[in-house]
Protein chains: 2
Amino acid sequence: MTGIQSTDIKNKLHAFCVQCKNAGLKMTPQRLAIYKYLLETVEHPSADTVFRNVRHTLPNISLDTVNRTLLTLNRIGAAFVVEGTGDVKRFDANLEDHQHFKCLNCKRIIDFHHAPFDNVEIPTCIKDQFTILRKTVYFEGLCKDCQSIST
Amino acid sequence: MTGIQSTDIKNKLHAFCVQCKNAGLKMTPQRLAIYKYLLETVEHPSADTVFRNVRHTLPNISLDTVNRTLLTLNRIGAAFVVEGTGDVKRFDANLEDHQHFKCLNCKRIIDFHHAPFDNVEIPTCIKDQFTILRKTVYFEGLCKDCQSIST
DNA sequence: TGACAAATAGGATTGAATCCTATATAGGTA
DNA sequence: TACCTATATAGGATTCAATCCTATTTGTCA
Ligand SMILES: [Mn+2]
Ligand SMILES: [Mn+2]
Ligand SMILES: [Zn+2]
Ligand SMILES: [Zn+2]
């Protein structure tokens with residue numbers, strides 16, 4: 001697969017460079033590799049998972065850089081921290097409208113898309129009390145694999 | 001306020017005793033105090049906050065017991081871990097249908113209730129793939145106090 | 001090409017959460 | 001009521017995610 005890259009990925013990488021420049025951020029190999037990995041996976045990886053994978057291409061990258069960069073991506077809006085209940089932080093660079101299901105047993109986070117959830121209407125009672133920066137619909141339970149195993 | 005206790009709280013404490021007995025759990029002063037504190041607050045406290053408050057009545061209680069008990073409450077359905085993105089676990093014993101707003105700056109978690117969200121319809125695409133144990137609608141942003149302060 | 005602010009590596013530190021185990025106790029039984 | 005035992009607790013040790021610290025490196029712009 002190496003060397004072959006969809007136009008979509010290329011476009012997003014280019015958009016990312018522009019986004020960094022606009023935010024006054026330097027384009028480092030570390031940043032690019034982390035963002036690229038996050039773009040190409042559907043796993044919603046933790047910082048440690050990103051670290052272990054990015055090390056294949058950048059053997060000297062530090063875990064701190066991965067953590068710092070993931071938070072930077074979150075800050076500039078190139079990625080975000082996935083919602084959940086406890087456990088380690090998980091990240092997502094898929095900015096398209098979608099929702100998440102998380103298996104309580106194997107911790108897998110699976111995307112789904114149900115259009116009616118895309119823009120859940122904000123009730124006025126909170127619209128004029130808060131600045132809403134994010135709205136999520138989030139499901140938890142057991143995936144098919146884990147239904148059978150767990151009691 | 002000490003000594004005065006609403007009928008509602010009394011009922012819930014009694015129901016909790018029954019629930020513990022049904023689950024084969026002993027009724028300890030620690031368990032009761034932790035559940036009672038959680039019932040009476042609207043703060044969605046962390047384990048540490050519960051610990052510091054319950055210590056007023058049980059000076060020797062350990063943090064481990066608080067953590068263990070909160071997870072037990074979550075397991076038997078007497079309380080739950082509040083959804084969010086990172087930060088420390090926060091707990092809620094309010095089982096009535098409601099949703100949460102969390103301020104990214106001051107970390108306050110505020111209840112609101114918008115009836116249409118109570119039972120968000122589960123799309124079939126995931127209904128037959130997963131066992132859904134929990135459905136949440138969650139908003140994030142800045143509360144009024146923090147809108148002015150933060151840049 | 002040179003200067004400098006920004007970013008990184010890697011080790012140290014923090015802090016939440018869990019684990020370990022000797023002791024205490026809730027709640028059923030005789 | 002007094003005992004018995006499985007369950008629960010206290011408190012210290014441990015784990016692990018995440019952040020901090022700082023000397024060194026590097027991207028970017030003039
Ligand atoms: Mn996703
Ligand atoms: Mn609540
Ligand atoms: Zn699973
Ligand atoms: Zn706030």
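Scope of the values below: all heavy atoms of this structure, side chains included, with no hydrogens, waters or symmetry mates. Chain naming here is simple, since letters A, B, ... match the order of the sequence lines and numbering starts at 1 in each.
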Least distance between heavy atoms, [X] atom then [Y] atom:
X: B:I34; Y: B:V66; answer: CD1-CA, 3.8 Å
X: B:H100; Y: B:F80; answer: CE1-CE1, 4.0 Å
X: A:Q30; Y: A:T65; answer: CB-CG2, 4.0 Å

Without decimals, in angstroms, what is the distance between [X] [atom1] and [N] [atom2]?
X: B:I76; N: D:dA8; atom1: CD1; atom2: C1'; result: 14 Å
X: B:L70; N: C:dA16; atom1: CG; atom2: P; result: 14 Å
X: B:N74; N: C:dA17; atom1: CG; atom2: C1'; result: 15 Å
X: A:F51; N: C:dA9; atom1: CZ; atom2: P; result: 9 Å
X: A:N60; N: D:dT26; atom1: CG; atom2: C1'; result: 14 Å
X: B:L58; N: D:dA8; atom1: CG; atom2: P; result: 17 Å

- request: Compute whether any side-chain donor of one residue and acceptor of the other, for B:T131 and A:Q147, lie under 3.5 angstrom apart.
  value: yes
- prompt: Are side-chain N/O atoms of B:D118 and B:H113 paired as donor and acceptor at under 3.5 Å?
  reply: yes
query: How does protein contact run along nucleotides 12-21 of chain D, one letter per nucleotide 5' to 3', with B for base contact, S for sugar-phosphate only, - for none, heavy atoms under 4.0 Å?
result: -----SSBBB
task: Examine D:dA10: is either OP1 or OP2 under 4.0 Å from a nitrogen or oxygen in the side chain of B:Q30? Give yes or no.
output: yes
message: Over all strands shown, is A:P29 touching base, sugar-phosphate only, or nothing at heavy-atom distances under 4.0 angstrom?
response: sugar-phosphate
field: Donor-acceptor contact present, side-chain B:N74 to main-chain B:L70, <3.5 Å
entry: no
- prompt: Do A:S148 side-chain atoms and A:D145 backbone N/O form a donor-acceptor pair below 3.5 Å?
  reply: yes
query: Where does the angle between the aromatic ring planes of B:H44 and B:H98 fall among parallel (under 30°), tilted (30 to 60°) and perpendicular (over 60°)?
result: tilted
Can you check nucleotides 28-30 of chain D for protein contacts, nitrogen or oxygen pairs under 3.5 Å, and list what you find?
from: D:dT28; atom 1: OP1; to: A:M27; atom 2: N; distance (Å): 2.8

- request: Give the cluster check for A:V81 versus A:Y37: same hydrophobic cluster or not, with ILVMFWY residues linked at side-chain heavy-atom distances below 4.5 Å.
  value: yes
